[in-house]
Amino acid sequence: MVSYTKTSMKNAAKGFKKLGTSVNVFERHDIYEQFDTVEDTKDCIKSRHILGILGFLGFANVYAMRVNLSVAIVAMVNQTTPIVPSNQSNFDHCPVLNVTNSTTPSDGEFNWDERTQGIVLGSFFYGYVLTQIPGGRLAEMFGGKMVYGFGVLITAVFTLLSPIAARINFPLFIIVRVLEGMGEGVTFPSMHAMLAKWIPPLERSKFGAYVYAGTNFGTILSLPLSGWLCSLKLWGGWPLSFYLFGILGIIWFVFWMMFVYDSPSAHPRIDRQEQAFILASIGPQDEDKGSVPWLKMFTCLPLWAILVTQCGNSWAFYTILTELPTYMAQILHFKIETNAVLSAIPYLTSWWAGIFFSIFADWLLLKGYISLSMSYKLWNSVASIIPSLGLIGVAYVGCDKVAVQLLLAIPGAFGGAQYAGNQMNHIALSPKYAGTMYGITNAASNMCGFLAPYVIGLLINGRETLGQWRMVFYLAAGINIGANLFYVAFASAKEVAWSRSQRASTSN
């Protein structure tokens, strides 16, 4: 068995300390390639891969618990007397051509109009944005294992309580959804902090795509399964979708606590070759728990570039995530089971394409064909512009169901390129504060989680017509494309001075 020598370890560590994180990533390639070749000779599952698998399943769980309401609300709400304004022409409505495939009005338990439904769908995000920054900072200071793990657990517990709360009264249901959002709010920034400690720089785009693809997998699983569970009225109907995913989240928590650790140095069972490889490729890991340079962070233009483009991505994403099931049911007249399956297709294509784009992006970087900054901007543009054109196409084709499905699935696949775009940009700007920075941008972008449903509720509000929904899709596309232009103009992949200053002074 090949192993590292003490001399090679010291030389590699010195090399990375000298290079730092402010230099171009290609300057690390020779040392990375030497260690990667040796490390991969051992035939066993790596500790960082276990982190990746459980992180993937964790995000799958929280997204399943997040999106099931988007499907369940169709069954929860009484829609037997839909409002159709008398001044709207028949041309502005899709005909019901296939009665067997069309939706039947729901005789649900709750009399919520579109505005109230927008509040319900957005309530999760009121809590979600509150814990983004604290979650990232706590993970940086005390480690991401407990922060991420308990975030998923809290989300699972309040998911289980959601049906009970909804039936007691409306305000209690909103409070439970807000608390569920607060639990999930820590997951992304704490995972970002863990990736900064666990994943070598030239693996980050690919690894990030694998882990965060759990969000797509959870959505793909939750949408059709929730639709099917909602149809089982003899077994309880829509509450089943909350109970199932809540229980799965609690089971996941047990495995996470058993097998995951905050860093390679803290892992008691990690293979020493893998530990050496990670520490050498990342370089010295700053464990400083001092104050955060908040003023410099909030005046950092490249960070604002990430924030703005994430807001654009999120507006388009949440337009599809929270409103597409309603559009499929009320405009295209799909029954709830078919509706849920079709709503999942964009996330399936995005999942597969996101992994492909990230592998391809890392390959281009390794070959030196493109700079890291240009890579971020290229793939972010792919992820923003092409799906936005798909939304414009959906607005244009109207009642053509096949065209709508294709326009959501094919252009939607390119949205997965965001993992090679802005998602890893925080770590490049500041590995030390990656969790806090991700918390800032994710908090801002996820305000769209309640703003988008609320604005859409105001736009629609009893007017379920093609004309009103076109406005919804045009608005989402315009915001996404405009935000990407800001990112292309001001984004950077160079580590900021206030991130590396303390490390530099320590090395001197």
Side-chain angles (χ1 to χ4, degrees), residues 12 15-16 18-40 48 52 192 195-196 198-213 277-278 280-283 302-303 305-306 309-310 313 349-389 410-431 434 481 483-496 500:
F16 278 103
K18 180 179 178 181
L19 290 173
T21 54
S22 61
V23 297
N24 193 292
V25 71
F26 309 121
E27 294 181 271
R28 296 182 170 198
H29 181 257
D30 292 339
I31 299 176
Y32 180 93
E33 189 175 50
Q34 173 191 348
F35 273 75
D36 190 34
T37 301
V38 178
E39 193 249 355
D40 284 343
R48 67 185 185 277
H192 231 56
L195 294 182
W198 270 97
I199 309 305
L202 295 179
E203 291 182 9
R204 280 177 184 157
S205 290
K206 177 175 63 179
F207 201 93
Y210 288 140
V211 174
Y212 293 133
F277 168 61
I278 295 172
S281 58
I282 293 177
L303 181 60
I306 301 172
T309 195
Q310 284 191 353
N313 292 161
T349 56
S350 179
W351 173 26
W352 292 343
I355 293 174
F356 168 76
F357 286 133
S358 297
I359 293 173
F360 186 50
D362 280 347
W363 180 80
L364 291 176
L365 288 171
L366 282 169
K367 293 296 183 180
Y369 295 147
I370 190 172
S371 70
L372 186 58
S373 177
M374 185 58 67
S375 178
Y376 287 151
K377 295 177 181 181
L378 169 65
W379 297 114
N380 196 77
S381 297
V382 169
S384 299
I385 295 173
I386 299 179
S388 295
L389 295 177
I410 298 174
F414 290 89
Q418 67 174 312
Y419 299 115
N422 69 78
Q423 290 293 301
M424 295 295 109
N425 202 165
H426 310 76
I427 300 177
L429 287 179
S430 176
I481 292 173
N484 175 69
L485 294 176
F486 188 88
Y487 180 80
V488 170
F490 299 111
S492 172
K494 183 178 180 180
E495 186 176 0
V496 291
R500 63 177 183 268

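The number of heavy atoms from other shown groups lying within 6.0 Å of CH2 (W352) does not exceed 12.
Between the side chain of H192 and the backbone N or O of Q423 there is at least one donor-acceptor pair closer than 3.5 Å. With hydrogens and angles ignored, the 3.5 Å screen pairs a side-chain donor or acceptor of K377 with a backbone N or O of V488.
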- Decide yes or no on side-chain contact (heavy atoms from CB on, under 4.5 Å) for N425 and Y487, but give the supporting numbers first. CA-CA 11 Å; N425 202 165; Y487 180 80; 2.7 Å; yes
- Task: Determine, stepwise, if the pair N484 / S381 fulfils side chain to side chain donor-acceptor pair (under 3.5 Å).
- Result: CA-CA 6 Å; N484 175 69; S381 297; 3.3 Å; yes
- Item | Trace of the side-chain contact (heavy atoms from CB on, under 4.5 Å) decision for I278 with R48 | CA-CA 9 Å; I278 295 172; R48 67 185 185 277; 4.1 Å; yes
- Take F414 and F357 through the side-chain contact (heavy atoms from CB on, under 4.5 Å) test and state the conclusion after the steps. CA-CA 8 Å; F414 290 89; F357 286 133; 3.5 Å; yes
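The shortest distance between side-chain heavy atoms of F277 and P200 falls below 4.5 Å.
For the residue pair P387 and G415, the shortest heavy atom distance occurs at CG-N, 3.6 Å. Closest non-hydrogen pair, S492 versus S373, comes out as CA-OG, 4.3 Å. Here the closest heavy-atom approach between residue G208 and residue L195 is recorded as CA-CD1, 4.5 Å. The minimum heavy-atom distance between A196 and P431, with the atom names listed, is CB-O, 3.8 Å. The two atoms that bring I481 and S384 nearest to each other are CG1-O, 4.5 Å, heavy atoms only. The nearest pair of heavy atoms linking Y419 to G354 is CD1-CA, 4.3 Å.
In this structure, the separation between CG on N380 and CD1 on I306 is 9.5 Å, given to the nearest 0.5 Å. Annotation: the span from M424 atom CE to L429 atom CG amounts to 12.5 Å, rounded to 0.5 Å. Note: I359 CD1 to Y210 OH = 3.5 Å, rounded to the nearest 0.5 Å. A distance of 13.0 Å separates OG of S371 from NZ of K494, quoted to the nearest 0.5 Å. Here the OG1-CG distance, from T309 to N313, works out to 4.5 Å after rounding to the nearest 0.5 Å. One finds the OH atom of Y369 at 4.5 Å from the CH2 atom of W363 (value rounded to the nearest 0.5 Å).
For S430, the side chain to side chain contact (heavy atoms under 4.5 Å, CB included) partners two or more places apart in sequence, or in a different chain, are K432, Y433, M437, V496, W498, S499. Applying the side chain to side chain contact (heavy atoms under 4.5 Å, CB included) test to S375 and every residue at least two apart in sequence or in another chain returns A361, L365, I370, W379.
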